[in-house]
Number of protein chains: 2
Amino acid sequence: MTTRWLTPEEQRAWRAYIAASQLLEDAIDRQLQQEAGMPHLFYSVLANLSEAPDRRLRMTDLAESLKITRSRLTYAVTRLERDGLVRRENCRWDKRSSLAVLTDAGTAVLERTAPGHVETVRANLFDRLTPEQVRQLEEICTGITRGLQGDDAEAGVGDVPWRRRSSCSSSRPTDS
Amino acid sequence: MTTRWLTPEEQRAWRAYIAASQLLEDAIDRQLQQEAGMPHLFYSVLANLSEAPDRRLRMTDLAESLKITRSRLTYAVTRLERDGLVRRENCRWDKRSSLAVLTDAGTAVLERTAPGHVETVRANLFDRLTPEQVRQLEEICTGITRGLQGDDAEAGVGDVPWRRRSSCSSSRPTDS
DNA sequence: TAGGTTTGTTTCAAACTTGAACCAAGACGA
DNA sequence: TCGTCTTGGTTCAAGTTTGAAACAAACCTA
């Protein structure tokens, strides 16, 4: 089977994407490490909880929403719990589950650091995009996501064994 | 100063981007770990070297091209060297520098695994994008990159003779 | 309702990343 | 030429991620 190599346009796009995502994530991580003392993922955990009804979420749902492994989330929550920003609670209906709950301290950290975070995202991303490009980016990314966790067809070489179930989402300025 | 929060459109785009980049990188890492026994970054090191004149690059130039810290590259090259895929060489003109050189074994691994990698990138990204979207993605990403590193460090440094900043030398099927 | 499977979560060791500190070599100015 | 600054690279410890394995609670199903 002969490989369908990337076309020159695709190569350029791919390289540009790799570079941009690397640099962007680095910048955001650096900023959050500075201002909030935690990496982007941990901040996203707090942000996600803050938007959840009752500020709490099952570990699995949270992991699903963040697109990370449960193992990775366990580590993050453990650290955030140690810092008093999150607390674990047992689920009353399913004794296997545990809930991550945003504490008041966690809320405070979020409120204090959200402006700086949003500013960084803005400065490095949205201030450089036209409204049209914002739309394009969303379109492109939702397409990729759909493909990778397939609401439709299965495609791709790799596949994720854990999937399914979605939960809350809404809007709030805290951002992810 | 009041924060300029993200608009709903920007929020949607941002969340979509975070999810997509996370899932995409995971898929690629998983595939490469399977087929090549190394994470994406390590593969990119090999790919980048394979495109360099003489299959060798100064550590700093390689790090720059990959948009990673020198420290991180040191670790990667050390591991790749242990596996015999890369070799270190001293720079004759600048005794501080060391060069990373792609070995024959490294080339072989690259040639063996490139098709699978490209297939993954294709299946999960480009097969889901229209040609127009490929263009848009490149445009968006180059803009971001320019903002993140061009802003401050665009001074055209006078290239010293031996410092051929050769970065990307165009097209080759190996991809990054 | 016992036994087997699935689901939710954690644990653990190995791998990788980060950032500051360190060392050596080149560049530069007085 | 000496002293100082800069550049190229590595080292080290602490932090994070990975993936497989371990557990326990729910869910079948015969």
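Just so it is clear, the model here is predicted, and its values are computed rather than measured. So that the names make sense, note that chain A is the first sequence line, chain B the second, and so on, each numbered from 1. Hydrogens, waters and symmetry mates are skipped; everything else that's a heavy atom, side chains included, is used.
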Checklist outcome for this item: Arg58(A) CZ to dA26(D) P, in whole Å, measures 12 Å
Checklist entry - Parallel under 30°, tilted from 30 to 60°, perpendicular over 60°: which one fits the rings of Tyr17(B) and Trp14(B)? => result parallel
Checklist outcome for this item: Asn90(A) CG to dA25(D) P, in whole Å, measures 11 Å
Next on the checklist: Using whole Å, what does the distance between atom P of nucleotide dG19(C) and atom CD1 of Ile68(B) come to?
Outcome noted: 13 Å
Checklist entry - Taking OP1 and OP2 of dT9(C), is either one under 4.0 Å from a side-chain nitrogen or oxygen of Thr60(A)? => result yes
Next on the checklist: Pairing donors with acceptors under 3.5 angstrom, does anything connect the side chains of Ser98(B) and Arg88(B)?
Outcome noted: no
Item to check | Gln33(A) CD to dG15(D) C1', straight-line distance once rounded to whole Å | outcome: 9 Å
Checklist entry - Any side-chain N or O of Arg30(A) less than 4.0 Å from the OP1 or OP2 oxygen of dT18(C)? => result no
Item to check | Interatomic distance, Leu66(A) CG vs dT18(D) P [rounded to whole Å] | outcome: 13 Å
Checklist entry - Reckon Arg96(A) has a side-chain N or O less than 4.0 Å from the OP1 or OP2 of dT6(C)? => result no
Next on the checklist: Can you list everything that forms a salt bridge (charged side-chain N to carboxylate O under 4.0 Å, His left out) with Arg87(B)? Sequence neighbours excluded, please.
Outcome noted: Glu89(B)
Checklist outcome for this item: Between Pro39(A) and Lys95(A), the residue closer to the 5' end of DNA chain D by nearest nucleotide is Pro39(A)
Next on the checklist: Quick check on DNA chain C: between Arg88(A) and Thr69(B), whose nearest nucleotide comes earlier from the 5' end?
Outcome noted: Arg88(A)
Item to check | Euclidean distance, atom CG of residue Asp94(A) to atom P of dT10(C) [Å, nearest integer] | outcome: 13 Å
Item to check | side-chain contact (heavy atoms from CB on, under 4.5 Å) involving Thr69(B) - partner list, sequence neighbours excluded | outcome: Ser71(B), Arg72(B)
Checklist entry - Do any of residues 71-84 of chain A sit with a heavy atom less than 4.0 Å from DNA chain C, and if so which? => result Ser71(A), Thr74(A)
Item to check | d(CG, Leu32(A); P, dT16(D)) in whole Å | outcome: 13 Å
Next on the checklist: Whole angstroms only, please: what is the CE-P distance between Met59(A) and dT11(C)?
Outcome noted: 10 Å
Item to check | Whether over 12 other heavy atoms sit under 6.0 Å from Glu139(B) CD | outcome: no
Next on the checklist: Quick check: do Leu66(B) and Val45(B) have side-chain heavy atoms less than 4.5 Å from each other?
Outcome noted: yes
Next on the checklist: Using the rule given for side-chain contact (heavy atoms from CB on, under 4.5 Å), can you reason through Ile140(A) versus Leu129(B), listing the C-alpha separation, both sets of side-chain angles and the distance that settles it, and then say yes or no?
Outcome noted: CA-CA 7 Å; Ile140(A) 289 170; Leu129(B) 265 38; 4.1 Å; yes
Checklist entry - With respect to the side chain of Ser98(B), which nucleotide from dT9(C), dT10(D), dC16(C) is positioned closest? => result dT10(D)
Item to check | side-chain N/O Arg70(A) vs dT10(C) OP1/OP2, d < 4.0 Å | outcome: no
